[in-house]
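The next block holds one structure in the form of structure tokens; read it before the comments.
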Amino acid sequence: MSEDRAGRPFLGDRLGPYVIHQLIGGGKKTAVYRGFHPDQQQDIAIKLFYPHTPKTPEMTASFQQQAQAIVALKHPNIINMLDFGVHRD
């Protein structure tokens, strides 16, 4: 995955099987992008750490705990979790 000068992925880049389309939000440590899963023909959300965010074991564990909590939630107004993991360049 390539990045621009600000460390953001280029729109249209792939992250695994996913295609990044548009930045839709973010906070201090992460950004959320609208993406697409071509195999499933489905729009998705992709949450990534900013490049300047320190990736400590504690941060990674917290991110994974959040993902596991979302997997447990079942409600029509909450997105379903398809996948989560650590991507290393």
Side-chain angles (χ1 to χ4, degrees):
M1 179 174 67
S2 51
E3 298 174 346
D4 68 10
R5 289 186 194 154
R8 297 175 298 237
F10 287 115
L11 303 183
D13 274 358
R14 285 187 173 263
L15 179 62
Y18 313 113
V19 181
I20 298 171
H21 283 307
Q22 175 185 14
L23 177 67
I24 56 176
K28 277 199 255 184
K29 299 176 184 174
T30 61
V32 178
Y33 295 87
R34 185 176 64 82
F36 187 72
H37 191 301
D39 295 337
Q40 295 184 9
Q41 294 293 298
Q42 184 175 7
D43 287 322
I44 60 167
I46 302 169
K47 185 176 183 179
L48 300 172
F49 283 115
Y50 290 122
H52 64 271
T53 302
K55 280 76 167 182
T56 65
E58 294 81 15
M59 290 284 296
T60 302
S62 174
F63 195 78
Q64 289 177 331
Q65 287 172 349
Q66 290 174 30
Q68 290 168 342
I70 292 170
V71 167
L73 297 174
K74 303 292 181 214
H75 189 276
N77 294 333
I78 298 174
I79 63 168
N80 293 323
M81 177 75 68
L82 296 176
D83 189 11
F84 69 91
V86 177
H87 174 76
R88 301 193 196 292
D89 287 4

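Every heavy atom of this structure was used, including side-chain atoms; hydrogens, water molecules and symmetry mates were not.
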Hydrophobic clusters join Ile, Leu, Val, Met, Phe, Trp and Tyr when side-chain heavy atoms are under 4.5 Å apart, directly or via other members; which others share one with F63? F49, M59
Mind checking what makes ring-ring contact (aromatic ring centres under 6.0 Å, His included) contact with H21, not counting sequence neighbours? none
Rounded to the nearest 0.5 angstrom, the OH-CG distance for Y18 and D83 is 3.5 Å
Apply the hydrophobic cluster definition, ILVMFWY joined by side-chain contacts under 4.5 Å directly or through others, and give me every member besides I70. V71, M81, F84
Going only through I, L, V, M, F, W and Y residues with side-chain contacts under 4.5 Å, is there a path from I20 to L23? yes
Output a table of donor-acceptor pairs, distance under 3.5 Å, between side-chain atoms of residues 36-44 and any protein atom two or more places apart or on a different chain; print 'none' if there are none.
{"residue": "H37", "atom": "ND1", "partner": "D39", "partner atom": "N", "Å": "3.4"}
{"residue": "H37", "atom": "ND1", "partner": "Q40", "partner atom": "N", "Å": "3.2"}
{"residue": "Q41", "atom": "NE2", "partner": "P38", "partner atom": "O", "Å": "2.7"}

All pairs passing side-chain hydrogen bond (donor to acceptor under 3.5 Å, both in side chains) where residues 68-81 contributes a residue, at least two apart: none
Is I46 close to L15 at the side-chain level, that is, under 4.5 Å between some pair of heavy atoms? yes
Filter on salt bridge (charged side-chain N to carboxylate O under 4.0 Å, His left out), then keep only pairs touching residues 46-72, sequence neighbours left out; what's left? none
Interatomic distance, CG@L73 vs CD1@I78, rounded to 0.5 Å, equals 4.5 Å
Is a donor on one side and an acceptor on the other found under 3.5 Å between the side chain of T53 and the backbone of K29? yes
Let me check something: do L82 and V32 share a hydrophobic cluster, defined by ILVMFWY side-chain heavy atoms less than 4.5 Å apart, either directly or through other members? no
Look at the side chain of T30 and the backbone N and O of G26, then say whether any donor-acceptor pair between them is shorter than 3.5 Å. no
I need the minimum non-hydrogen distance between G27 and Y50, along with the two atoms involved. O-CE1, 2.9 Å
